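As the structure is a computational prediction, the values presented were derived from the model and not from experiment. Both ligands and their constituent atoms are indexed starting at 1 by order of listing.
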Amino acid sequence: MKQTNKLPVGILGATGSVGQKFIELLADHQWFEIKELAASESSAGKNYKDAADWFLSIPIPEQITEIEVKKCEPNLDCRIVFSGLDSSIAGDIETEFAKNGYVVISNSRNHRMDKDVPLLIPEINPDHIELIKKQNYDEGFIVTNPNCSTIGLSLALKPLLDSFGIESVNVVTMQAISGAGNPKKVKLDIDDNVIPLIKGEEEKMETEPLKIFGELNSNGITLSDLQINAQCNRVNVTDGHLETVQVKLKKEASKNEIINSWRNFSSEPQILELPSAPKSPIHYFEEDEFPQTKIHRNVENGMAVSIGRLRPDKFFDYKFVVLSHNTVRGAAGGAILCAELLKAKGFI
Ligand code: NAP
């Protein structure tokens with residue numbers, strides 16, 4: 001591999017649904033260069049093209065195909081590792097990497113609610129990266145990316161919280177197959193079907209935003225008092241989580257004021273012009289039938305959230321539809337944006 005000034009990075013869980021998206025998004029990244037790939041013992045020792053059941057629509061980037069997949073042990077030749085590990089094993093592996101001086105940016109649930117670990121959406125709570133200083137690893141640290149459905153929802157709620165305050169939220173999700181893992185390996189009975197259970201997802205959607213919207217103080221994060229009720233369903237689409245949301249606001253707001261708060265929303269990643277930051281994190285569509293999963297999941301390379309159908313609600317104040325790409329904004333892309341923020345802020 002030729003020498004560049006880019007920072008070498010590793011991917012833990014490189015063969016999975018999120019791991020493959022990391023490879024696609026990092027293959028030609030301005031600041032980072034893939035140096036190491038790791039996965040389970042059954043993949044270790046193989047070339048990437050033989051280890052991964054590749055399912056993305058682009059071919060495996062050429063420079064990646066022959067990289068040897070390693071075990072997830074902290075002897076990789078890079079300081080930054082992105083983790084797309086299965087949550088049954090991610091917790092201990094990520095801790096071990098942090099203990100050994102690695103910067104771990106994780107998509108798994110295991111460390112998300114740890115007191116001293118940022119649960120980061122760079123447009124919402126960039127100040128939470130200060131929590132890193134409380135971690136007890138010498139040189140290493142862990143930063144987490146929220147659950148994929150939580151990210152779309154939280155981005156939609158943030159401008160409303162800032163402008164009007166929110167009392168309560170009810171959300172129903174329609175989530176893509178790629179959210180369940182590599183679709184070539186995970187067989188879901190999804191043809192002609194909707195599966196009304198995604199284990200643990202509703203709890204994550206109801207609790208993670210409380211930390212994301214929480215206030216940073218000298219003791220850590222004081223959780224937000226927002227009330228959220230969630231119901232999550234798996235539907236037969238490849239990528240993209242669509243959510244129907246009802247909100248009760250603290251202050252009265254007109255439809256135009258709400259739409260303007262979404263359209264004008266911009267934050268630190270946009271000011272810093274981070275390479276993966278969408279120009280506008282939120283796109284509002286006036287067309288009654290939009291957003292639609294197949295049409296809008298890739299808006300701004302899958303890093304923006306699409307919203308539409310804002311209208312009054314009989315029981316709450318308003319209802320609307322939110323769409324975000326689960327493996328891009330909701331996983332690999334979101335984690336890469338976190339790493340870019342950490343670099344821009346001098347943490348790496
Ligand atoms: P996945 O397709 O099942 O991939 C899991 C990865 O973990 C594979 O690379 C697998 O390697 C590796 N792995 C499994 N057991 C291992 C072990 N004992 N030691 C080392 N590596 C092991 O899952 P995914 O959908 O990519 O999700 C990965 C993580 O991201 C999960 O925690 C998930 O909850 C989270 N997440 C997923 C999404 C999404 O949309 N998919 C979104 C946000 C967050 P092998 O191929 O070698 O088995």
Just distances here: any N/O of [X] and N/O of ligand 1 closer than 3.5 Å?
X	result
G330	no
N147	no
K185	yes
K204	no
G13	yes
D86	yes
C148	no
T15	yes

What atoms of ligand 1 come within less than 4.0 Å of a heavy atom belonging to [X]?
X	value
S108	29 (C), 32 (O)
N326	40 (O), 42 (C)
A331	42 (C), 43 (C)
S43	45 (P), 46 (O), 47 (O)
T327	40 (O)

Ignoring hydrogens and geometry, is there a side-chain-to-backbone donor-acceptor pair from [X] to [Y] under 3.5 Å?
X	Y	answer
R309	D288	yes
N182	F55	no
Q20	T15	yes

Determine whether the side chain, the backbone, both or neither of [X] has a heavy atom under 4.0 Å from any heavy atom of ligand 1.
X	answer
S178	backbone
K71	neither
L85	both

Could you tell me whether [X] and [Y] have a side-chain N and a carboxylate O separated by less than 4.0 Å?
X	Y	answer
K49	E66	yes
E36	K71	no
E208	R112	yes
K345	E130	no
K35	D77	yes
E24	K21	yes

How are the rings of F22 and F82 set to each other: parallel, tilted or perpendicular (split at 30° and 60°)? tilted

Please tell me whether [X] and [Y] have a donor and an acceptor in their side chains that are separated by less than 3.5 angstrom.
X	Y	answer
E243	Q175	no
N256	S254	no
E201	N147	yes

Return the closest protein heavy atom for [atom] as residue, atom name and distance.
atom	answer
atom 25 (O) of ligand 1	G181 CA, 3.2 Å
atom 6 (C) of ligand 1	G84 O, 3.5 Å
atom 15 (N) of ligand 1	I89 CG1, 3.9 Å

Specify whether the nearest protein heavy atom to atom 33 (C) of ligand 1 is under 4.0 angstrom away. no

Can you find a protein heavy atom under 4.0 Å from atom 4 (O) of ligand 1? yes

I'd like the name of whichever of [options] reaches closest to [atom] through any heavy atom.
atom	options	result
atom 27 (O) of ligand 1	V69, N182, V18, D53	V18
atom 39 (C) of ligand 1	S40, A332, G179	G179
atom 30 (O) of ligand 1	I151, N107, I177	N107

Exercise: identify the closest heavy-atom pair between K184 and D53: CD-OD1, 3.6 Å

